[in-house]
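Comments concern the structure below.
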Amino acid sequence: MAKKLSKVIIYVLLSVGAITMLVPFIWMVSTSLKTGPETIKVPPIWIPKVLQWGNYIKAWNAAPFAQYFINSVVVTVVTTVGQLFTSILAAFAFSRLQFYGKNLLFMIFLGTMMIPGEMLIIPNFVTLSKLGMIDHYAALIVPWLASFFTVFTLRQTFQATPDQIYYAAKIDGASDWKYLWTVLVPMSKSTITAVTVLAVIGSWNSFMWPLIATNSENMRTLPVGLQAFTTDSGTTYELLMAASTFVIIPMVILYMFLQKYIIAGISKAGLKG
Amino acid sequence: MRSNHITQYLVSRVRICYHDDGDFFDGNEGHQTILKERTGLKVTFKDVTLSYDGKIDTLKHLNFEIPDGSLVSLLGPSGGGKTTTLNLISGLLPATSGHIYFGDEDVTKKDALARKVGMVFQNYSLYPHLSVRDNIAFPLKMQHVSRKERYAKAEELAKLVHVDDQLDKKPGELSGGQQQRVAIARALAKSPSLLLLDEPLSNLDARLRIEMRQEIRRIQRETGVTTIFVTHDQDEALHISDNIMVLSFGKIQQFSAPDDLYERPSNLFVAKFIGEPVINTLPAETLKADLQGHVPDEIFAKAVTAGLRSEALVPFDNGQGILTTFHATLAYKQKYGREATAALNYNGQTLLSTEMAGLPADQKEGDFFITKAGFFLFDEAGALIFGGEAHDQ
């Protein structure tokens, strides 16, 4: 009986959590299918009388979203691949190699995680403008090619790999480089998938930095492009929401395919480290 | 059945090839191996010392030579330096000083990658993300052997160790014994001249352990690979080895054939370490009256400790070479299966004997015999000064 009751409570709590998470999405999709007047109606309408599918076409044509989309894909792919590559190498060094100042360096890097991202905007902008990178892909990519969060997460996983596997690989004729790519990385698949997804989402959704680091229309990314619907005369909510929907759809699909790895990866890195 | 299989393997393969430069197959038939017959490798340590922290020497001036094609066990208590010695041979640890030779080649400065030995670890250390086939083929992949050739080799080796029906499974799906076989196959994949085994049987249950040690012995005989086997289990070492090196306190206590280790321990440590039940030890002085005339006086004068194997204390003289007699009282008798042990009280010392099965149940005391075999005298430093075959007349 008590067991049943606790089960009921758990399900109620989980449902509340799930609904809280889902409502904004439902509201977004719902609004994207409304007419202008319907969007500001009180009490709110959940299901519009006539579904305005045309909003999506209008939104797509309101700004060069095709260009934004390409920009977002390029930036996200290059950033993620680059970040993974540098992080895997750094995590391997911190977990396996012996070098002078290793622990001190690690502590300093760990310390950088305490600095809020907003504080870095101005120094990064100054640096990149002096390098002449502002308003290029480089401005959107280079600052994010290293991530200590990713390094740290991978290092925890790498460190949890038994030493004997490393020795066995050495005996079997694998150099450090080969051990890393043919043994350690495949063995850490779930953590790598998790940090990949986090990097992709972070890059895809980033707004502040692309807004600051780009000026011209054809360098903008999708989240920045959403601004097109906010003008001095107000916001066209139905188009903004339609655009928001097609901006997040790739991420939703990605998450649905990889959620198993994401959860396993995060819990593995957390528990074993 | 099993031995048949291996014999077949050998007849069909004729030779497991030896490689110089990563070429395992002559290429024209894919499967056919020619090249040189595999040879074992002689391992020589010259004055090798190892210190982990630069202060305490874990291994002190080790000198030994392991003949090619032999199976040698490194035996000793935990922390005695067995695994450290093995890691020095494999190259996973660099020697602090001294020289290590494989054959005539000085490999002291070479790391594990360059030494090309095969090794089986205590926990097998298989790659969890690879199938059994890929695990066995991994060392060949590292040598850029083509996929077809390395899989062919992996399948052969899988047959040799009887895991050929498990090739597509992941290590996690195998039992401990199967994982161990896969680890041996992987170690043999690159046809090493030297196979190192670091307590490979300690994670197996008792019955499987006996089966696997015979298996290892057989594989070793049939491949001719010089094998070094680390164990803390003397029974294992005594059954499997051509020679046993007893290591303790970072030093070689004795390096000899298994029988010699038992019959002629070179010092008190080895005498106590080898043998079950543990050898009876007592101050030599206690035995003075009974040894008079049987042990030369000048030797007895130096003796500090006497060691008597439990089977050296016998109730009757059956012509097995008696050293002397002594009078003792019987403290108790016990029978376990076919073994009978008895405790004798002698001059305030308790001596354990395993040979008292034939005594009447109610006997309380009597004259007993000490055989020449199994009786030893050690000097103050613990070195053997009397006993063992060399002293027998």
Side-chain angles (χ1 to χ4, degrees), chain A residues 84 88 91-93 95-100 102-103 153-196 258 260-265 267-269 271-273, chain B residues 19 21-22 83 86-87 89-94 110-131 134-145 150 170-172 179 182-192 194-200 203:
Chain A
L84 272 183
I88 285 171
F92 178 72
S95 67
R96 177 61 63 193
L97 304 180
Q98 298 303 327
F99 54 91
Y100 184 75
K102 173 169 141 177
N103 289 331
T153 311
L154 288 175
R155 172 197 178 253
Q156 299 303 94
T157 305
F158 288 178
Q159 238 166 14
T161 311
D163 286 353
Q164 292 213 328
I165 295 272
Y166 175 68
Y167 296 139
K170 269 283 152 76
I171 294 285
D172 287 344
S175 58
D176 276 355
W177 179 259
K178 276 191 174 166
Y179 163 72
L180 175 60
W181 297 107
T182 58
V183 178
L184 194 55
V185 165
M187 273 179 72
S188 313
K189 200 172 63 187
S190 56
T191 307
I192 289 174
T193 311
V195 295
T196 305
L258 298 175
K260 185 178 88 186
Y261 293 106
I262 296 170
I263 292 160
S267 50
K268 201 172 174 184
L271 287 176
K272 280 197 176 169
Chain B
H19 74 94
D21 46 18
T83 298
L86 200 71
N87 286 340
I89 299 171
S90 69
L92 289 172
L93 269 177
K110 290 191 171 177
D111 65 5
L113 211 58
R115 290 195 197 177
K116 295 182 176 152
V117 301
M119 186 158 173
V120 176
F121 293 85
Q122 187 172 0
N123 59 4
Y124 321 137
S125 296
L126 298 173
Y127 308 117
H129 62 294
L130 297 178
S131 66
D134 282 316
N135 260 285
I136 299 173
F138 186 82
L140 301 179
K141 190 182 175 189
M142 291 299 110
Q143 293 174 343
H144 308 290
V145 175
R150 63 177 192 256
K170 293 275 167 68
Q179 289 190 32
V182 175
I184 293 174
R186 182 180 65 179
L188 291 171
K190 56 182 170 180
S191 304
L194 192 57
L195 179 64
L196 310 176
L197 302 124
D198 187 4
E199 306 218 12
N203 292 348

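Each chain gets a letter, A, B and so on, in the order its sequence line appears, and its residues count up from 1.
P186(A) is not listed as a side-chain neighbour of L130(B), based on a closest heavy-atom distance of 4.5 Å or more.
In this structure, chain A has a heavy atom under 4.5 Å from the backbone of L126(B), while its side chain stays farther away. Residue contact with chain A, scored on non-hydrogen atoms closer than 4.5 Å, involves the side chain of L92(B) exclusively.
P128(B) and I165(A) get closest at one heavy-atom pair: CD-CD1, 4.2 Å. Here the closest non-hydrogen pair linking F121(B) and A168(A) is CE1-CA, 3.4 Å. For the pair M142(B) and G173(A), the tightest heavy-atom approach, listed with the atom from each and the gap, is CB-O, 3.6 Å.
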Tabulate, with distances rounded to 0.1 Å, every donor-acceptor pair spanning chain B and chain A at under 3.5 Å.
residue: Q164(A); atom: OE1; partner: N123(B); partner atom: ND2; Å: 3.3
residue: A169(A); atom: N; partner: Y127(B); partner atom: OH; Å: 3.2
residue: I171(A); atom: O; partner: K190(B); partner atom: NZ; Å: 2.1
residue: D172(A); atom: OD2; partner: Y127(B); partner atom: OH; Å: 2.8
residue: D172(A); atom: OD2; partner: R186(B); partner atom: NE; Å: 3.4
residue: K178(A); atom: NZ; partner: M142(B); partner atom: O; Å: 3.4
residue: K178(A); atom: NZ; partner: H144(B); partner atom: NE2; Å: 3.1
residue: T182(A); atom: O; partner: H129(B); partner atom: NE2; Å: 3.0

